[in-house]
Enquirer: 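I have a structure here, written as structure tokens, and I will follow up with some questions on it.
Letters A, B, ... mirror the listed sequences (proteins, then strands); counts begin at 1.
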Amino acid sequence: MIDLRLLRAEPDRVRASSHARGDDPARVDALLAADEARRAAVTRADGLRAEHKAVSQSVRRASADERPAVLERAQALAAEVKRAEAAQAEAEAALRAAHLAVPNVVLDGVPAGGEQDFVVVQTVGQVPTYDFPVKDHLDIGTALGAIDTERGAKVSGSRFAFLTGWGALLELALVNLSMAAAVEAGFTPVIAPALVRPEAMEGTGFLGAHADEVYRLASDDLYLVGTSEVPLAAYHSGEVLDELPLRYAGFSSCFRREAGSHGKDTRGIIRVHQFDKVEMFSYVDPAQAEAEHVRLLAHEMAFLSLLELPFRVIDVAAGDLGSSAARKYDCEAWLPSQERWLELTSTSNCTDFQARRLGIRSRGPGGLSPVATLNGTLCAVGRTIAVLLEVHQRADGSVHLPEALRPYLAGRTELLPQ
RNA sequence: GGAGGCGUCGCCUAGUCCGGUCUAUGGCGCCGCACUGCUAAUGCGGUUUGGGUCUCAAGCCCAUCGGGAGUUCAAAUCUCCCCGCCUCCGCCA
């Protein structure tokens, strides 16, 4: 949720942000009007409550003669208060709805426009060339005995896969390597729940536009998380944080329904319903948010470099940001089989937007105020394995293992087909 | 799954049976002031959070006793639902 004080003081800034995202600026004005209406309703109800309270307290002091008249007056006021409170509740609900409909204010410098309007910030490494016909990760993985999507489909349906043999070991190696890097960088390692309550899902903004992406267990009213950003953000919900920054690296399985992505990336394990991920999450002083964002991006880049993967960094355009993000950088690795860039990691600066909704605050000179939250992928395991296999493939079907990974794979330097 | 207990403004705690004097008691911690070579001790005052009003501040007002709904002129207190924690039993990796 955006800061209503900011909205009142600088509505044009919020309108400009809305314009950059390609949203209807009428939502901003609807929010302003709802805010105004709520304050009017609150003022009225407050006044009536004060009056009623005074009369009500005079009941016990009233003499027997006065009592009936006082009671009658108190009853009448009580009814009036009840009506005013209903109006207040209505105005508050309307404000909340209007509030949720306005996404975070984008930061200066974020490219305007939609999905295609990103700006390439940097390209690291060379786009690889191969003097043999490249195979895609599924062919390579199948030959290695590392990936089994057929049985994944048999057991669980389409977009599910088994990682077997080196595939399973590769996952564990990637998780261990990324966790070690995170700990080295000062993050607290966390194994997070993958099932969360509605409040956690809603608080992090995943029940808005992307609600149909989310698995829900109806009989228990729990949700399967699509990223450990959810439990890591909700971790401190409703708390006042004494010490900032707080940095966590959470490991969890992630579940996505992939509704509306029929036919897209259906082959292999690039887009599946369940995968594991190590996610960075920072709580910082809002003044430090942009610096922290750069830091998270640097960690992502360093990790991809450890894996010897060529990639580029893009500054995602305003219209392609999630509602919580004020800025987002994606790292896209080269996918040889499709000769295109594929998003491997993503880091978002949510400023105080997410923390306001989750009630995560810190004590400053002006009292309590929301902190800033940032998240970033350190390693989305499935996709990373796919890219790793493709980029490091050799003509004979073997796969080169990056040096950084070898200590976690018993010193092996390559994977050989079975 | 069954039975019982508990949830009070940072922490601990009084109050709940029997509704109004609760504008929530006391202790600890914390902040300020006084006293004091310094520190400690002591004394005095302050110390939930959110919102409204207000040019700002002060002030004033409203709400807030796990959450919600209800009864009532009036709810920490009575009723119902929900959430969480603890103990015991059962089951289980």
Side-chain angles (χ1 to χ4, degrees), chain A residues 1-11 31-100 191-203 207 216-223 230-231 234-244 246 252-253 283 352-371:
Chain A
M1 292 190 279
I2 67 163
D3 184 0
L4 290 178
R5 290 171 209 281
L6 171 82
L7 174 69
R8 287 174 208 149
E10 302 175 61
L31 178 56
L32 269 170
D35 176 46
E36 192 83 40
R38 183 198 72 103
R39 280 149 68 202
V42 166
T43 302
R44 181 178 145 71
D46 271 3
L48 281 170
R49 265 190 293 264
E51 198 181 344
H52 171 253
K53 205 164 124 180
V55 174
S56 181
Q57 278 167 351
S58 72
V59 168
R60 61 190 306 270
R61 291 192 305 271
S63 67
D65 289 348
E66 301 167 331
R67 188 159 299 221
V70 175
L71 266 181
E72 195 184 330
R73 172 95 183 108
Q75 278 169 19
L77 271 169
E80 224 176 313
V81 165
K82 203 167 180 178
R83 278 196 300 276
E85 284 183 341
Q88 180 184 338
E90 211 171 298
E92 278 169 352
L95 173 65
R96 184 175 163 76
H99 208 169
L100 292 177
I191 309 290
L195 281 170
V196 300
R197 314 168 63 143
E199 299 91 298
M201 207 43 116
E202 192 166 271
L207 292 185
R216 172 162 182 259
L217 302 186
S219 53
D220 297 284
D221 203 15
L222 289 171
Y223 291 87
V230 174
Y235 189 59
H236 286 300
S237 61
E239 296 183 15
V240 175
L241 306 179
D242 299 321
E243 231 180 290
L244 291 177
L246 291 173
S252 83
S253 291
Y283 298 85
D352 58 4
F353 186 88
Q354 196 175 50
R356 181 169 291 107
R357 201 194 287 197
L358 287 166
I360 306 167
R361 297 169 297 171
S362 66
R363 214 169 282 281
L368 294 173
S369 58
V371 304

Enquirer: For Arg197(A) and G84(B), is the shortest distance between a side-chain N/O and OP1 or OP2 below 4.0 Å?
Expert: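 So the side chain of Arg197(A) is within the cut-off, an N or O lying under 4.0 Å from OP1 or OP2 of G84(B).
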Enquirer: For the C1' atoms, the ones on U8(B) and on G4(B), what distance do you get once it is rounded to whole angstrom?
Expert: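 Result for the C1' pair: 22 Å, nearest Å.
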Enquirer: CG of Asp46(A) versus P of G52(B): gap in Å, rounded?
Expert: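 Rounded to the whole Å, the gap is 9 Å.
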Enquirer: Can you tell me the distance, in whole Å, between the CZ atom of Arg39(A) and the C1' atom of G51(B)?
Expert: 11 Å
Enquirer: To the nearest 0.5 Å, what is the distance between NZ on Lys53(A) and CD on Gln57(A)?
Expert: 6.0 Å
Enquirer: Leu77(A) CG to C62(B) C1': how many Å, rounded?
Expert: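 Spelled out: CG on Leu77(A) to C1' on C62(B) is 15 Å.
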Enquirer: Would you say the side chain of Met1(A) lies within less than 4.5 Å of the side chain of Leu100(A), judging by non-hydrogen atoms?
Expert: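 Contact flag for Leu100(A)/Met1(A) side chains = yes.
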Enquirer: Using the C1' atoms only, state how far G27(B) lies from C86(B), rounded to an integer number of Å.
Expert: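 Result for the C1' pair: 25 Å, nearest Å.
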Enquirer: So what does Arg67(A) hit on the nucleic acid, given a heavy-atom distance under 4.0 Å: a base, only sugar-phosphate, or nothing?
Expert: nothing
Enquirer: Could you identify the nucleotide paired to A69(B), looking across every strand shown and requiring Watson-Crick or G-U wobble geometry with both distances under 3.5 Å?
Expert: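 Its partner is U79(B) (Watson-Crick or G-U wobble, both distances under 3.5 Å).
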Enquirer: So do Ser369(A) and Asp352(A) actually touch side chain to side chain, heavy atoms under 4.5 Å?
Expert: no
Enquirer: Has the side chain of Ser58(A) got a donor or acceptor atom that lies under 3.5 Å from a matching backbone atom of Val55(A)?
Expert: yes
Enquirer: Describe the nucleic acid contact of Ser56(A) in one word from base, sugar-phosphate, nothing, applying a heavy-atom distance below 4.0 Å.
Expert: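 Base, at least one base atom sits under 4.0 Å.
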Enquirer: Can you check the distance between U23(B) and C61(B), where both ends of the measurement are the C1' atom (answer in whole Å)?
Expert: 13 Å
Enquirer: Pick the C1' atom in A3(B) and in C11(B), then give their distance to the nearest Å.
Expert: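 Each nucleotide's C1' atom is 32 Å from the other's.
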Enquirer: Can you tell me how far C1' in U64(B) sits from the matching atom in A24(B), rounded to whole Å?
Expert: 12 Å
Enquirer: With a 4.0 Å cut-off, would you call Glu36(A) and Arg8(A) a salt bridge?
Expert: no
Enquirer: For RNA chain B, whose closest nucleotide is more 5', that of Leu71(A) or that of Glu85(A)?
Expert: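 First, find each residue's nearest nucleotide; the 5'-ward one identifies Glu85(A).
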Enquirer: Strictly below 4.0 Å: does Arg44(A) bring a side-chain N or O up to OP1 or OP2 of G52(B)?
Expert: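 No, no such contact exists.
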Enquirer: With rounding to the closest Å, how many angstrom separate the P atoms on C92(B) and U79(B)?
Expert: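 Taking atom P in both C92(B) and U79(B), they lie 39 Å apart.
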Enquirer: If each of Arg49(A) and Arg361(A) is mapped to the nucleotide of RNA chain B with the nearest heavy atom, which maps nearer the 5' terminus, i.e. the 5' end?
Expert: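 The residue whose closest nucleotide sits nearer the 5' end is Arg361(A).
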Enquirer: Hunt down the Watson-Crick or G-U wobble partner of C56(B), both distances under 3.5 Å, from any strand shown, or write none.
Expert: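 C56(B) is unpaired by these criteria.
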Enquirer: Roughly, in whole Å, what's the span from CZ in Arg96(A) to P in G51(B)?
Expert: 15 Å
Enquirer: Which part of the nucleic acid, if any, lies within contact of Leu368(A), taking any heavy atom under 4.0 Å across all strands shown: a base, the sugar-phosphate backbone alone, or nothing?
Expert: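 It contacts sugar-phosphate atoms only.
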Enquirer: Paired with A14(B) by Watson-Crick or G-U wobble geometry, both distances under 3.5 Å: which nucleotide is it?
Expert: none
Enquirer: Between Arg363(A) and Asp242(A), is there a donor-acceptor pair closer than 3.5 Å when you use the side chain of the first and the backbone of the second?
Expert: no
Enquirer: Roughly how many Å is it from CD in Glu80(A) to P in C73(B), rounded to a whole number?
Expert: 16 Å
Enquirer: Have a look at Val42(A) and say if it touches a base, only the backbone sugar-phosphate, or nothing, with a 4.0 Å heavy-atom cut-off.
Expert: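 Contact class for Val42(A): sugar-phosphate only.
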Enquirer: Go ahead and name the base partner of A3(B); Watson-Crick or wobble counts if both distances stay under 3.5 Å, otherwise write none.
Expert: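 Across all strands, the one nucleotide that pairs with A3(B) is U87(B).
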Enquirer: My understanding is that a pair needs two contacts under 3.5 Å, Watson-Crick or G-U wobble. By that rule, which nucleotide pairs with U49(B)?
Expert: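 Its partner is A63(B) (Watson-Crick or G-U wobble, both distances under 3.5 Å).
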Enquirer: May I have the distance from Lys82(A) (atom NZ) to C62(B) (atom P), rounded to whole angstrom?
Expert: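 Answer to the nearest Å: 21 Å.
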Enquirer: Separation of Leu48(A) atom CG from G52(B) atom P, in whole Å?
Expert: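 Taking atom P of G52(B) as the reference, CG of Leu48(A) is at 18 Å.
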Enquirer: Taking the P atom in each of C28(B) and U21(B), what is the distance between them to the nearest angstrom?
Expert: 27 Å
Enquirer: Check whether more than 12 heavy atoms from other residues, nucleotides or ligands sit under 6.0 Å from atom CZ of Arg96(A), and answer yes or no.
Expert: no
Enquirer: Taking atom C1' in both G1(B) and C18(B), compute the distance separating them and give it to the nearest angstrom.
Expert: 38 Å
Enquirer: Hey, does the side chain of Lys53(A) come within less than 4.0 Å of C61(B)'s phosphate (OP1/OP2), counting only N and O?
Expert: no
Enquirer: What is the distance from CZ of Arg73(A) to C1' of U72(B), rounded to the nearest Å?
Expert: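 Going from Arg73(A) (CZ) to U72(B) (C1'), I get 18 Å.
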Enquirer: Which nucleotide, if any, forms a Watson-Crick or G-U wobble pair with A34(B), using both distances under 3.5 Å?
Expert: U42(B)
